[in-house]
2 protein chains.
Amino acid sequence: MKKISTRDKIVNSAHKLFYERGYNATSIDDILKDAGLNKGSLYHLFKGKKEVLLAVIEERIAYNLKQKYKEIDTVENPLQYLQHKLLSTDSFDFKHGCALNNLVQEMSPVDADVAKALLKVYNDLEHYYFIALREASMSDEEKKALAKMMVATVEGAIMAAKAAQDKAPFIQIVEQLFKFLLKV
Amino acid sequence: MKKISTRDKIVNSAHKLFYERGYNATSIDDILKDAGLNKGSLYHLFKGKKEVLLAVIEERIAYNLKQKYKEIDTVENPLQYLQHKLLSTDSFDFKHGCALNNLVQEMSPVDADVAKALLKVYNDLEHYYFIALREASMSDEEKKALAKMMVATVEGAIMAAKAAQDKAPFIQIVEQLFKFLLKV
DNA sequence: ACCAAGTTTGACCAATTAGTCAAGTAAGTT
DNA sequence: AACTTACTTGACTAATTGGTCAAACTTGGT
């Protein structure tokens with residue numbers, strides 16, 4: 001039974017609620033209620049709601065991505081590893097989609113600071129896909145372009161699942177994508 | 001100088017603002033201010049904010065999609081036509097992304113009625129891509145799966161452009177996708 | 001002109017929003 | 001014990017939220 005710092009309680013609750021409801025639809029009071037804290041504690045630690053969001057992006061979303069793909073450059077068959085990671089059952093929550101994607105949609109056009117933080121994570125994501133292509137016989141430029149497309153397809157697949165509120169489209173699209181990759 | 005009905009003024013303003021800011025971030029007062037109308041007019045014509053959203057989805061987003069792709073089953077080279085439509089400069093606003101996608105992200109997990117209306121449009125979108133594949137030498141099942149993947153890739157490309165707040169990633173990904181399609 | 005239906009006006013309401021702050025408590029340092 | 005710093009409490013504010021409604025205005029039919 002380790003005790004969780006006040007800061008972590010806030011960032012955890014904010015992460016969860018921003019993911020499930022979106023940034024605008026989550027109030028500070030919602031976060032505090034979920035975390036079991038009072039208002040002053042939050043404003044003692046953060047300048048405001050936006051700073052909480054930046055912490056969520058940098059300390060949770062970026063971190064989770066790193067945890068998910070950190071082994072990809074040591075693994076034997078990285079493309080297969082990637083496919084397996086994507087299709088493993090708890091890979092993502094089809095109902096709420098991709099935490100990164102969700103925030104990009106909602107926030108990137110609206111706030112430059114947030115957009116910058118999100119773009120950094122997005123670039124990391126593309127980089128992991130680039131590494132997954134290291135065995136492929138093509139130039140680095142081509143790998144980069146292909147990785148970009150793969151990320152787009154997977155993110156689009158998550159969105160398709162969200163539109164249908166059903167995981168099936170996601171699986172179908174990812175399988176189609178990898179069927180494709182084998183041909184090239 | 002034709003005069004626009006009150007209803008159309010509301011739906012137009014709502015469509016624009018929902019697209020630019022999102023549903024939750026747009027207040028009824030914002031819509032009314034943009035439309036130059038008073039509160040009672042809106043509540044005379046609509047039950048509430050959600051009904052305005054449903055009108056936007058069914059009368060604007062679905063309609064615009066239809067307008068964009070209605071010629072695709074008569075055109076000579078439908079795949080090339082699709083590519084051209086996607087890459088034509090005013091095809092979409094990279095800053096705000098895809099109106100359909102945006103609403104799916106924000107609303108589908110939260111409201112079943114809205115999710116249903118959005119899914120219908122999403123299925124139409126996939127159907128247009130399916131038609132664009134009519135010349136391809138494969139079974140209808142394969143075409144359907146491929147069309148699904150193409151939609152996902154294009155939607156993901158829009159999201160990549162939104163993340164970067166720059167149209168370039170979108171163009172790159174769409175080009176990569178069609179380069180791919182030629183190989184198969 | 002008269003009437004009834006459709007439409008518009010804008011003040012009003014209760015609830016919620018992000019953010020403030022003076023007062024209190026806990027925890028370490030000497 | 002005395003003192004200082006870090007943290008927590010929760011009442012408060014000003015603004016905004018979606019929604020209501022009685023009164024006023026248009027409009028078209030007779």
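Just so it is clear: chains get the letters A, B, ... in the order the sequence lines come, proteins before strands, and each one is counted from 1. Note that the structure is predicted; figures quoted are calculated from it, not measured.
Taking the side chain to side chain donor-acceptor pair (under 3.5 Å) definition, one finds that B/E20 meets it with nothing, sequence neighbours left out. For A/T74, the side chain to side chain contact (heavy atoms under 4.5 Å, CB included) criterion is met by A/E71, not counting sequence neighbours. Contacts of B/E175 classified as side chain to side chain donor-acceptor pair (under 3.5 Å), with partners at least two apart in sequence or in another chain: none. By the ring-ring contact (aromatic ring centres under 6.0 Å, His included) test, A/H15 pairs with no residue at all, sequence neighbours left out. With sequence neighbours left out, A/K144 forms a salt bridge (Lys or Arg N to Asp or Glu O under 4.0 Å) with no residue at all.
Backbone-only engagement by B/T26 is indicated by non-hydrogen atom pairs under 4.0 Å involving sugar-phosphate atoms exclusively.
Hydrophobic clustering, with ILVMFWY side chains joined whenever heavy atoms are under 4.5 angstrom apart, keeps B/Y63 apart from B/Y69. Each of B/L54 and B/V110 belongs to its own hydrophobic cluster when Ile, Leu, Val, Met, Phe, Trp and Tyr are linked at side-chain heavy-atom distances under 4.5 angstrom. In the hydrophobic clustering of this structure, A/Y19 does not group with B/L103; members are Ile, Leu, Val, Met, Phe, Trp, Tyr whose side-chain heavy atoms approach within less than 4.5 Å, directly or through other members. Both A/L181 and B/L181 are members of a single hydrophobic cluster when ILVMFWY side chains are connected at heavy-atom separations under 4.5 Å.
Annotation: proximity of residues 103-116 of chain A to DNA chain C (heavy atom, distance under 4.0 Å) is found for no residue. A heavy atom closer than 4.0 Å to some atom of DNA chain C occurs in no member of residues 10-21 of chain B.
Across the helix from C/dA1-D/dT30 to C/dT30-D/dA1, the helix axis at one end is tilted relative to the axis at the other end by 0° (nearest 10 degrees, each axis from five pairs).
Atom CG of B/D29 is separated from atom P of C/dA11 by 12 Å (rounded to the nearest Å). The CG-P distance, from B/N24 to C/dT16, rounds to 15 Å in whole Å. Atom C1' of nucleotide C/dA18 and atom CG of A/D30 are separated by 12 Å, given to the nearest angstrom.
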Residues 40-49 of chain B, side-chain donor-acceptor partners within the protein, below 3.5 Å, at least two apart:
unit_1, atom_1, unit_2, atom_2, d
B/K49, NZ, B/Y23, O, 3.0
B/K49, NZ, B/T26, O, 2.7

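Taking the ring centroids of B/F180 and A/F180, they lie under the 6.0 Å cut-off.
We find that A/K39 and A/D29 are joined by a salt bridge, their nearest charged nitrogen and carboxylate oxygen being less than 4.0 Å apart. Ionic pairing of A/R60 and A/D8 is present here: one or more N-O contacts between side-chain nitrogen and carboxylate oxygen are shorter than 4.0 angstrom.
You can see that DNA chain D meets the heavy atoms of chain A within a 4.0 Å-exclusive cut from D/dC7 to D/dG10, reading 5' to 3'.
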Mark up nucleotides 3-10 of chain C, 5' to 3', with B wherever a protein heavy atom is under 4.0 angstrom from a base atom, S wherever such an atom reaches only the sugar-phosphate, and - elsewhere. ----BBBB
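For the side chain to side chain contact (heavy atoms under 4.5 Å, CB included) criterion with B/V114, the lone passing option out of B/I57, B/L119, B/V104 is B/I57.
For the pair A/Y43 and C/dG19, the criterion of a side-chain N or O lying under 4.0 Å from OP1 or OP2 is met.
Sorted by first and then second residue, the side chain to side chain donor-acceptor pair (under 3.5 Å) pairs involving residues 123-136 of chain A (not counting sequence neighbours) are A/E126-A/K148.
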